[in-house]
Protein chains: 2
Amino acid sequence: MTGRGPRGERGEQADKILAAARRSIATRGYTATSLRSVAQDAGVDPGLVHYYFRTKPGLLEAVMEPPEAFGAAVAAAAEQPIHQRGRAFVQANLRLWEDPAAAEILRAIILTAAQEPAAMKRLRQLFSQLVLAVVSHSLTDDERNLRASLIATQIVGLVMNRYIWQVGDIAVLPADAVTDLLAPTIQRYLADPLPTTLGDRPTPR
Amino acid sequence: MTGRGPRGERGEQADKILAAARRSIATRGYTATSLRSVAQDAGVDPGLVHYYFRTKPGLLEAVMEPPEAFGAAVAAAAEQPIHQRGRAFVQANLRLWEDPAAAEILRAIILTAAQEPAAMKRLRQLFSQLVLAVVSHSLTDDERNLRASLIATQIVGLVMNRYIWQVGDIAVLPADAVTDLLAPTIQRYLADPLPTTLGDRPTPR
DNA sequence: CAGTAGTTTCAGCATACGCTGAAATTAGTT
DNA sequence: AACTAATTTCAGCGTATGCTGAAACTACTG
């Protein structure tokens, strides 16, 4: 139809490519996503993908780039007074995942993490940014990492079952019910005394 | 070196292929695993892969096939009296994942679940077999699925962080410490009263 | 020892992949 | 209107993929 040369405003094609790539990686996975299919989904010439993102890992990097102030609401939960912080944290995470755009990025990262070091790096970074924050205020230093890890454990399990695999009752319950069910656990991991069975300090790496 | 025709005892080559495929899928992932590379790792002609497993999905199916009495220890935990069943369940799951052979199969399934329906099916089946069992004894019917889902949530989170991603303190703590930390949560999900905030019955699908 | 079923090897087809280089086209500047 | 920089298209390279068909070989049966 139209010939060569630029069209639309600057970065418009790049955005279409990025959106198509995110959708594909978040559903089919990174290795199963071909640049040709991405270009086709975006309605764009395959060469453009290389023009804007150089290589396939370059595309992945862009796909995983969180938008500005990503998860600010989750970080805000960390400011709550400690006795209601657990519940606030669960709520914030649910809201984050209920947003399709954010969920797509997170899904892409999670699906790719086990196979691509770059994705694993992003995942670790998000953990530090989101989970460690909730625990960093008003907690002693030696327990901080352990409590963060415990919280991550419960949140990740929720995410996998509800949003990634969509398995079990937890996947179909309304968000409020999920909050009521999981908030107590998070709160315990956050502030309740930990078992002292195996050495008082949690043997960090 | 050697010519064509059979060698070794029957099924020996098939086993080598299966082992190589399992290792590759459990680390690189299903789509990133090529039949040629599997054959090379197994020290075998690529054609043999098709001879024994027909297609690539066929190979995957075989890779995900759990050995006989897989997770029998986990199912046995379901027989424990209810007040110590939560702890027994955590212990059994840790032991299962501490076994390299079992862990490889489970890892292959988990890494593939989000992308291949066949893997998702296996995952659901393992859930029914392992998680639902622990909850099926001495519990009323309407709470059963919800409690199973909650337990799965916590166990999956543990598995992802400790065995798949190896992230956080939970990944480096000795198994006994992990048991002490998570058993109370599982026990609560198993037998403690659930919050009644949003309708008494958990709105099944 | 002939015959047969099962196993292994090999050559190759059709397709897809990531990526490159250069030409064609556009929009904006002077 | 000439020039320039950025964008889009196109043709194609080298390689890899899943899979097929048939030949070569082994071990066993009669």
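Predicted model, so just to flag it, every value in this text is computed and none were measured. Order of the sequence lines fixes the chain letters, A, B, ..., with proteins taken first and strands second; residue numbering starts at 1 for each chain.
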Table of protein N/O atoms under 3.5 Å from nucleotides 11-17 of chain D N/O atoms:
from, atom 1, to, atom 2, distance (Å)
dT17(D), OP1, Ser34(B), OG, 2.9

Sidechain N-carboxylate O distance under 4.0 Å for Asp41(B), Arg28(B): yes
Nearest to the side chain of Tyr52(B), which nucleotide is it out of dT7(D), dT8(C), dT20(D)? dT8(C)
Leu48(A) has a side chain; which of dT20(C), dT20(D), dT8(D) sits nearest to it? dT8(D)
Walking DNA chain D from its 5' end, the first of Ala14(A) and Pro46(B) to be reached, judged by nearest nucleotide, is Ala14(A)
Just jot down the salt bridge (Lys or Arg N to Asp or Glu O under 4.0 Å) partners of Arg36(A), sequence neighbours excluded, or say none. none
Listed partners of Arg188(B) passing salt bridge (Lys or Arg N to Asp or Glu O under 4.0 Å), at least two apart: none
Would you list the pairs meeting salt bridge (charged side-chain N to carboxylate O under 4.0 Å, His left out) in which at least one residue belongs to residues 52-74 of chain A, sequence neighbours left out? Glu65(A)-Arg122(A)
Rounded distance in Å - [atom1] ([X]) to [atom2] ([N]):
{"X": "Phe53(A)", "N": "dC19(C)", "atom1": "CZ", "atom2": "P", "result": "13 Å"}
{"X": "Arg54(A)", "N": "dT20(C)", "atom1": "CZ", "atom2": "C1'", "result": "11 Å"}
{"X": "Asp45(B)", "N": "dA11(C)", "atom1": "CG", "atom2": "C1'", "result": "11 Å"}
{"X": "Ile17(A)", "N": "dT7(D)", "atom1": "CD1", "atom2": "P", "result": "12 Å"}

Phosphate-side-chain proximity, Gln13(B) and dT8(C), N/O vs OP1/OP2 below 4.0 Å: yes
Under 4.0 Å between a side-chain N/O of Tyr51(B) and OP1 or OP2 of dT9(C), yes or no? no
Checking Trp97(A) now: which residues fulfil ring-ring contact (aromatic ring centres under 6.0 Å, His included) with it, not counting sequence neighbours? Tyr163(A)
Kindly state each residue pair satisfying side-chain hydrogen bond (donor to acceptor under 3.5 Å, both in side chains) with at least one member in residues 103-117 of chain B, sequence neighbours excluded. none
